[in-house]
Participant: 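Questions regarding the structure given below will be posed in turn.
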Amino acid sequence: MMRKLGTIVLLVGALAFTLAGAAAAAGTIKIGFHAPQTGFAASDGKSATIGAELAVEQINAAGGINGKMLELVVYDDQAQPAQAIPIANKLIGQDKVPIAVSGSYSAPTRSAAGVFQESRVPYISAYAIHPDITRAGDYVFRTSFLGEIQGKAGAKLIGELLGKKMVVMITLQNDFGKALADGFKSMTRDFGIEIVNEYEYSIKDRQFGSLVAKVKADDPEAIYASGYYFTAGPLVSQLRAAGVAVPIIGQEGYDSQKFIEIAGKAAEGVIITTSLDRDSDVPETKNFIEAFEKKAGFKADMVAASAHTAVMVAADALKRAGSTDSEPLRKALAETHLKASTGTISFNALGEVVKAVQNQVVKDGNWHRHSVIDDPGLLAPPDK
Amino acid sequence: MLFFELFVQGLIHGSMYAMIAVGLTLVYGLLRILHVAHAGLFALGGYLGLLITNATGSLALAMITSALIVGLGGMLVYRLCYQPILDRPPYVPLIASIGVFIAMEEVFRLVFGPYGLTYNHPHLQSQVTLLGLNLRGAEIGMVITAMVLLGGLSYLAQNTRIGIAWRATVDDPEIAESFGIDAVKVRYLNFFIGSGLAAVGGIFISLLSNLVEPTMGGVPAYKALAIIVLGGLGNVKGTLVASLALGVVEAFGTIYIGSYLDRDAIAFAFLIAVLMIRPQGLFTGR
Amino acid sequence: MKPLLEVKNVTVRFGGVLALDDVSLEVRPGEFLSMIGPNGAGKTTLMRVVTGTVKPVSARIRLDGRDITMLPTHQRARLGLALTHQIVRPFRSMTLLDNVTLAAGHHRIGRVIRALTAVDRSAEREQARKYLELVGIAEAAEKSVLGRPLGVVKRLEVARALALEPKVLLLDEPLAGLNTAEAARLADTVAEINRGGLTVVMIEHNLGEVLRVSRRLAVLDNGRKIADGDPGAVMRDPAVRAAYLGKEYQDAAA
Amino acid sequence: MGIYEISLATLVGINIILALGLNMISGFCGQISLGHAAFYGIGAYTAAFMAKAGAPFPAAVLAGMVLAGLVGLAVGLTSLRVRHDFLAITTMGVGFLFLGVVRQQEILGGELGVSGIPSPGLEKTGYMVLVLILAAFFTAFSLWIKRSWMGFAFEAVADDEDTARVLTVDVAACKLTAFAMGTAMAGVAGGLYASFARFIMPDDFGFITSITVLSMVAVGGIGSVFGVIISTVILTLMPEFFRFISDYKLLLYGALLFGVMRFAPEGLAGFTRAVRKAGIRSAGKKEAAG
């Protein structure tokens with residue numbers, strides 16, 4: 001009994017401590033942030049969190065926002081909507097953040113977006129690709145590409161830049177993979193691509209034996225395979241091991257040094273559509289890549305850069321609005337024109353970003369620039 | 001040719017399932033426990049194998065050491081987790097086991113980081129051409145190892161004192177005990193062997209994908225349960241057949257009906273269909 | 001008089017083994033029939049065919065003129081068949097009283113809607129208590145089944161069967177495991193219930209009690225019925241004595 | 001009450017209905033199900049599409065309840081064929097099958113899920129009150145069932161099916177009734193969740209959710225209505241309690257599941273029973289001493 005009482009006292013104490021901490025930081029401006037730090041998506045959550053923290057450190061080092069320091073309020077959502085909803089409410093109701101950033105996946109982001117919209121708190125999705133996120137309303141923005149846009153860019157990359165026409169699609173069975181596939185297919189006719197076959201796999205798969213055998217029999221000119229580094233790494237190495245030598249085209253899900261580590265030699269020559277250009281001359285991007293590696297101890301990835309960008313965009317809006325009130329802040333956000341680590345960010349009427357797609361290729365064990373797709377017609381996101 | 005290749009790939013996948021599921025069915029046969037934490041031990045095997053290989057450069061050493069350590073780990077799980085609650089209804093050890101599994105996954109993440117680890121020896125990814133098929137060394141190694149280990153196990157079970165004691169205990173613990181067989185010792189042995197097998201399986205899987213992640217036990221955690229049910233709970237031979245059958249069904253299923261049902265759904269549709277026709281699984285008895 | 005329970009041509013096979021070979025049996029209202037035979041003779045199997053838990057190769061079973069061969073177990077029970085198990089099977093999570101109360105509420109659990117809407121158990125509890133008193137274990141009524149001695153649980157099974165208000169009471173070795181005094185008392189109770197008009201069919205090895213209380217005796221051996229009739233006459237039957245009883249009969253007579 | 005507390009209370013209410021539904025099947029009637037999330041999902045998807053098609057909120061939730069209950073009835077049929085651990089794995093399979101089907105049906109939103117689910121037409125506070133009233137109703141319903149003769153028969157089936165049959169219990173009817181009622185409750189919970197989150201995706205209703213619900217029931221004490229409610233409250237709020245040690249909270253969750261099953265296998269309900277008994281015993285001793 002005494003021991004139980006002790007635990008309760010400890011818990012209450014810890015709670016009081018947290019609350020006291022929150023009160024002490026009253027002279028700062030808070031930015032809400034949620035990402036999956038435990039559970040299956042913890043790796044992306046970690047990159048995103050470090051990226052966001054880096055942005056806050058950089059801004060504070062440069063004097064903060066109109067004299068006030070930024071504070072990142074970070075919560076773990078386990079990539080689950082049932083957790084993201086209370087978190088959104090907590091950020092709004094308890095932490096009273098004027099603006100928030102999602103460093104999480106589509107499902108939690110889409111669920112939280114509704115809550116932020118309802119409370120009129122501006123909300124920026126860093127890398128979730130679900131098309132309906134920004135449709136939650138005018139307070140929701142996205143600083144990354146829609147899955148569909150990236151799929152279209154992939155079609156252009158294969159059909160036009162590489163000139164390959166007979167394509168096998170290997171599609172990841174989730175919102176990311178499906179959105180990419182939809183975008184890719186919508187452009188096949190324009191670029192003269194014929195889809196030989198499409199296969200699907202689950203995010204849990206790491207062994208692709210039968211799929212590889214079938215793709216080999218299909219004998220395509222190129223492979224458009226969606227996935228994350230942890231599925232794409234094994235997939236690419238197994239395709240190459242089976243003797244499939246045609247170009248493999250991926251997307252931002254591959255965009256991590258870990259992909260190259262897993263696939264090893266097989267990664268060489270793989271091209272992806274993403275938003276982080278490793279060979280960029282833009283100071284914002286170069287600076288980010290260096291600073292991230294210094295802070296994290298490993299190389300930057302797309303997720304980290306996207307979270308970094310989103311927080312930078314939030315800070316920029318806070319600065320220009322000169323206020324933490326809801327309406328001026330939303331207006332400032334909508335008028336964003338900012339050079340950030342993942343490109344120049346500006347929003348359309350729906351809150352979707354308009355920027356160039358960076359194609360990166362694996363060369364000598366590192367990501368390097370392959371080409372850039374900057375075709376406003378192709379990359380135009382929906383505006384309603 | 002494609003048919004043959006898919007079939008071979010199915011068998012490769014199936015032998016991977018077998019190495020995980022046999023340990024699980026051994027535990028079920030003896031204790032009537034759905035041992036979900038087995039998948040955690042499988043992942044532990046993967047981690048140890050990778051760390052030892054990367055440190056020493058010897059895969060064989062890694063296999064043996066990690067099988068031994070994980071075998072001991074399995075005994076520990078039995079002692080701490082199951083032994084005190086054996087007389088409870090089956091859902092009690094099941095939930096306890098799930099708790100242990102979640103905790104293990106989290107410990108892996110906290111200790112080794114969320115990103116996963118990779119082998120630093122590229123030669124482990126060698127390739128072989130056999131019967132006109134391009135296969136990887138690790139695939140062939142896995143199938144051979146599975147055959148040797150599982151074959152050896154069944155030989156031991158048939159022909160050695162301890163093996164006979166084990167089978168007797170599975171058949172009827174009370175009678176076995178009356179013949180002077182130490183049931184507790186048999187249980188420990190059971191967990192040791194089953195967990196060791198899972199560890200070897202974990203190493204091969206991680207070689208095949210060149211990736212060890214905290215969540216690598218996630219799929220075996222439930223898929224292996226389906227397999228041992230399919231094989232007739234506690235039936236080792238049935239489990240082998242079910243593993244290979246499921247491997248083949250999935251190999252063809254993911255290619256030809258993958259756009260209607262995902263891999264898991266295919267596997268479980270197969271399972272439910274079999275169970276509705278044969279409620280005791282493919283093979284009855286123990 | 002028309003038979004109350006009519007069992008015709010029962011044949012049961014377990015795998016390749018012939019467990020029952022064309023056995024027929026008729027039980028008239030008010031009878032007290034005991035069934036004896038060596039272990040493995042098929043007595044329990046015959047009971048289970050009657051209650052519907054064992055599927056026969058062939059059989060025809062009538063209860064009170066109604067053919068129940070195709071009915072599931074619970075419906076046979078509702079029509080008036082009550083069985084006690086050779087190896088006791090009480091509900092271990094319940095008290096003694098609840099075990100019997102459930103049986104006493106057999107008319108309440110028949111229809112889903114009625115069972116969902118009725119909560120009052122007081123009348124059934126009263127009845128259950130009476131049955132517990134009848135078999136002499138009322139003082140333990142509120143206790144959990146766990147930890148009760150076998151003698152108590154055996155009698156609980158009888159009380160539970162009686163609470164079903166059956167037409168025929170089937171008892172599978174109710175006296176096994178009881179000491180002499182307990183066995184005699186339970187046998188007396190059953191005989192008394194039988195005198196009150198309830199038809200009883202009892203499998204029992206305790207020949208002394210069987211001969212003391214039953215009014216008719218059937219002998220099964222090797223899956224076949226080899227004798228059936230007045231206990232005295234059956235026991236004098238040379239076939240019975242030769243094939244099975246011999247020594248045991250003399251022991252009992254001594 | 002701030003919007004944070006309101007959202008938590010709403011979620012707790014939804015989870016209570018969900019867990020009490022499983023308690024009906026696994027607790028009262030003894031049929032372990034590892035696929036409860038599928039019925040939660042059926043309720044959510046049905047209600048979502050109904051609401052999007054313009055049906056009023058109560059009709060949408062009701063439709064979710066009915067459809068979940070009907071599918072539950074069908075799945076209950078499998079419980080007549082397979083028992084115990086086989087049933088647990090079969091229901092787990094049903095969960096994966098549900099997910100597999102929903103994932104691949106574009107008409108059901110596929111991988112992208114369903115968004116733009118209309119608001120139930122209530123303020124956040126009003127919705128919370130509605131959810132809590134429904135949770136209270138299903139609590140009362142559970143208590144009623146437990147006391148009813150049907151609940152009594154459930155208890156017998158959970159204890160020993162074969163004996164229950166001999167005592168006139170229609171085991172098949174009991175199991176089907178339990179499945180239908182329990183899954184219908186999951187359907188209600190799903191409908192309420194759909195209108196709460198206003199966005200649903202297949203993964204919301206996966207294996208992990210099924211395990212979470214079963215944990216709520218087992219930790220509370222299988223079959224105990226109040227035990228299940230208390231553990232549902234604790235397990236739902238646990239991530240919130242432990243926000244300050246975010247990195248370890250899932251580890252703690254696993255340890256808690258293990259710890260409760262290992263040291264209090266009858267769950268919180270069994271634990272409090274034991275404490276009360278110990279209390280009575282020590283009180284008795286004092287009396288005897290005095």
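All chains are named by letter (A, B, ...) in the order of the sequence lines, taking the proteins before the strands, and each is independently numbered beginning at 1.
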Participant: Checking side chain to side chain contact (heavy atoms under 4.5 Å, CB included) between A:Y224 and each of A:I170, A:I195, A:L180, which is the one that passes?
Facilitator: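 One option only clears the test, and that one is A:L180.
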Participant: Sort A:S202 into side chain, backbone, both or neither according to what part of it lies under 4.5 angstrom from a heavy atom of chain B.
Facilitator: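 Contact with chain B involves no heavy atom of A:S202 at all.
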Participant: With only heavy atoms counted, which part of B:L110 is less than 4.5 Å from chain A, the side chain, the backbone, both or neither?
Facilitator: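 When you check distances to chain A, no heavy atom of B:L110 falls under 4.5 Å.
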Participant: Just so I understand: if I count every heavy-atom pair under 4.5 Å between each of B:F252, B:F7, B:Y115 and chain A, which residue has the most?
Facilitator: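 Among the listed options, the one with the most contacts to chain A is B:Y115.
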Participant: Compute the centroid of each ring, for A:H34 and then for A:Y75, and state whether the two points are separated by less than 6.0 Å.
Facilitator: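 No, ring centres 6.0 Å or more apart.
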Participant: Ring centroids only, cut at 6.0 angstrom: are A:F230 and A:F259 within range, meaning strictly under it?
Facilitator: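 That pair fails the under 6.0 Å test.
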Participant: Can you give me every donor-acceptor pair (side chain of residues 40-49 of chain B, partner residue at least two apart or in another chain, under 3.5 Å) with its distance?
Facilitator:
none

Participant: What part of A:A42 is in contact with chain B, defined as an atom under 4.5 angstrom from a non-hydrogen atom: side chain, backbone, both or neither?
Facilitator: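 When you check distances to chain B, atoms from both the backbone and side chain of A:A42 fall under 4.5 Å.
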Participant: What part of A:F40 gets closer than 4.5 Å to chain B, counting heavy atoms only: side chain, backbone, both or neither?
Facilitator: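 The answer is both parts of A:F40.
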Participant: Just how far is it from atom OG1 of B:T25 to atom CD1 of B:I228, taken to the nearest 0.5 Å?
Facilitator: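 Rounded to the nearest 0.5 Å, the OG1-CD1 separation comes to 4.5 Å.
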Participant: Checking heavy atoms, do the side chain of A:Y201, its backbone, both or neither come under 4.5 Å from chain B?
Facilitator: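 For A:Y201, neither part sits under 4.5 Å from chain B.
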Participant: Quick one: does any side-chain atom of B:N210 pair with a main-chain N or O of A:I262 as donor and acceptor, under 3.5 Å?
Facilitator: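 Checking the backbone N and O of A:I262 against the side chain of B:N210, a donor-acceptor pair under 3.5 Å is found.
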Participant: Give, as side chain, backbone, both or neither, the part of B:E213 having an atom under 4.5 angstrom from any heavy atom of chain A.
Facilitator: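 B:E213 touches chain A through side-chain heavy atoms alone.
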Participant: Considering only heavy atoms, which portion of B:M216 lies under 4.5 Å from any heavy atom of chain A: side chain, backbone, both, or neither?
Facilitator: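 For B:M216, neither part sits under 4.5 Å from chain A.
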Participant: Does A:A213 offer a backbone N or O that forms a donor-acceptor pair with the side chain of A:D218 under 3.5 Å?
Facilitator: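 Side chain of A:D218 to backbone of A:A213: no pair is present.
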Participant: A:Y229 pairs by side chain to side chain contact (heavy atoms under 4.5 Å, CB included) with which of A:M302, A:K258, A:Q257?
Facilitator: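 That would be A:K258.
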Participant: Under 4.5 Å from any heavy atom of chain B, what part of A:D205 do you find: side chain, backbone, both or neither?
Facilitator: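 The answer is the side chain of A:D205.
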Participant: Can you tell which of A:S47, A:A263, A:A266, A:G45 has the highest number of heavy-atom pairs within less than 4.5 Å of chain B?
Facilitator: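 Top count of heavy-atom pairs under 4.5 Å with chain B: A:S47.
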Participant: Within the structure provided, determine whether A:K185 and A:M169 are in side-chain contact (heavy-atom separation under 4.5 Å).
Facilitator: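 Counting from C-beta outward, A:K185 and A:M169 do come under 4.5 Å.
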Participant: Where on A:E261 is there a heavy atom nearer than 4.5 Å to chain B: the side chain, the backbone, both, or neither?
Facilitator: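 Answer is both: backbone and side chain atoms of A:E261 are under 4.5 Å from chain B.
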Participant: Measure distances from B:F4 to the heavy atoms of chain A and classify the residue's part below 4.5 Å as side chain, backbone, both or neither.
Facilitator: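 Neither part.
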Participant: Can you tell me which of B:L6, B:D264, B:L211 forms the most heavy-atom pairs within a distance under 4.5 Å of chain A?
Facilitator: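 Among the listed options, the one with the most contacts to chain A is B:L211.
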Participant: Where on A:Q37 is there a heavy atom nearer than 4.5 Å to chain B: the side chain, the backbone, both, or neither?
Facilitator: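 The backbone, not the side chain.
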Participant: For the interface with chain A, which of B:E5, B:R109, B:E250, B:H13 has the highest count of heavy-atom pairs at distances below 4.5 Å?
Facilitator: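 The candidate making the most pairs under 4.5 Å is B:R109.
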Participant: Taking only residues two or more places apart in sequence, or in another chain, which ones meet B:T56 in a side-chain contact (heavy atoms from CB on, under 4.5 Å)?
Facilitator: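 Counting only residues at least two positions away or on another chain, B:T56 forms a side-chain contact (heavy atoms from CB on, under 4.5 Å) with B:I52, B:S58, B:L61.
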Participant: Identify which part of B:I12 has an atom lying under 4.5 Å from any heavy atom of chain A, answering side chain, backbone, both or neither.
Facilitator: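 Contact with chain A: none, neither part.
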Participant: Which answer fits A:S256, side chain, backbone, both or neither, if we ask what part of it has an atom under 4.5 Å from a heavy atom of chain B?
Facilitator: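 For A:S256, neither part sits under 4.5 Å from chain B.
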Participant: Based on non-hydrogen pairs under 4.5 Å, which of A:S43, A:P234, A:A41 is most in contact with chain B?
Facilitator: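 Highest number of pairs under 4.5 Å: A:S43.
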